[in-house]
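Atoms considered below: every heavy atom in the structure, side chains included; atoms not considered: hydrogens, waters and symmetry mates. For the single chain, residues carry numbers from 1 onward in sequence order.
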Amino acid sequence: MLSETHSQDAHAQLYSLLTEGGRLPDGLGQSFAPNLSSSATFQRRSDGAAMTSGLDSGRVLVDRGTGRFNEDVFEVEVSEDGVIRLLTTRLSDEVRDGSQMLFPTMMPILVRQAVGIAAAVAHRVNDGRKVSRNRRLKTEQVRAPSD
């Protein structure tokens, strides 16, 4: 899929793929962080490329000093053969009483974005060729649950 991950325009290709596939209606993915849009650092991987937040090129946590968000990581990787890997280290947050609160929409949103990225990968692999209607990915049918 990303056969040219070591080319000069690999960053632009991956950014374009993630922007196209990870698009959400009405800023839906902005209710938690880090998220897909915060993954702005391009990294090459042994079998592909990734956009990350909080990791260096060796997949080591970036030293941000101390603080509440110093271990937050988000990464989306696309391998040369089209495998999509998504990593986040933050599915919850601490509330004032010290208990943990899960982000209720985070997993459905991330799944929706992963499916959208898979659809963008499929579209690029098919390179505009006609795909039978029954086999076409319909990402617009996958929506996060409403409250």
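Transitive grouping of hydrophobic side chains (ILVMFWY, heavy atoms separated by less than 4.5 Å) brings Leu86 and Leu17 into a common cluster. Residues Leu24 and Leu36 are members of one and the same hydrophobic cluster, defined by side-chain heavy-atom contacts under 4.5 angstrom among Ile, Leu, Val, Met, Phe, Trp and Tyr. Placement of Met107 and Ile84 within a single hydrophobic cluster is found when ILVMFWY residues are connected by side-chain heavy-atom separations under 4.5 Å, directly or transitively. At a threshold of 4.5 Å between side-chain heavy atoms, the hydrophobic network of Ile, Leu, Val, Met, Phe, Trp and Tyr places Leu91 and Phe74 in one connected group.
Each of Thr41, Val76, Val78 was checked for a side chain to side chain contact (heavy atoms under 4.5 Å, CB included) with Met51, and the lone residue meeting it is Val76. Checked against Thr52 for a side chain to side chain contact (heavy atoms under 4.5 Å, CB included), the options Glu77, Arg59, Glu75 give a single hit: Glu75.
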Task: Worked verdict on Gln43 versus Leu55 for side-chain contact (heavy atoms from CB on, under 4.5 Å) - done: CA-CA 9 Å; Gln43 303 285 342; Leu55 293 176; over 6 Å; no
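Shortest non-hydrogen contact noted between Asp56 and Gly58 is OD1-N, 2.9 Å. Between Ala33 and Asp72, the shortest heavy-atom distance links the atoms O-OD2, 4.2 Å. In plain terms, the two heavy atoms of Thr88 and Met106 that are nearest each other are OG1-CE, 3.7 Å. Of all the heavy atoms in Ser92 and Gln100, the pair that sits closest is OG-OE1, 2.7 Å. For Gly54 against Arg64, the heavy-atom pair with the smallest separation is CA-NH2, 2.7 Å. The shortest heavy-atom contact between Arg112 and Gly21 is NH1-O, 3.9 Å.
Using a 30° and 60° split on the angle between ring planes, His11 and Phe42 fall in the parallel class, below 30°.
One distance of note links OG of Ser39 with CG of Leu87; it measures 9.5 Å at 0.5 Å rounding. Note that CZ of Phe32 and CG of Asp93 are 12.5 Å apart. Values are rounded to the nearest 0.5 Å. We find the CG-OG1 distance between Leu14 and Thr19 to be 9.0 Å, quoted to the nearest 0.5 Å. Here Ser37 contributes atom OG and Leu18 contributes atom CG; the two are 11.0 Å apart, rounded to the nearest 0.5 Å.
Summarising the local packing, OH of Tyr15 is surrounded by 12 or fewer heavy atoms from other residues, nucleotides or ligands at distances under 6.0 Å.
For the pair Ile109 and Phe103, the minimum side-chain heavy-atom distance is 4.5 Å or more. Here the side chains of Val83 and Asp47 are not in contact, with every heavy-atom distance at 4.5 Å or above. Side-chain contact check for Arg45 versus Ser79: every heavy-atom pair is 4.5 Å or farther apart.
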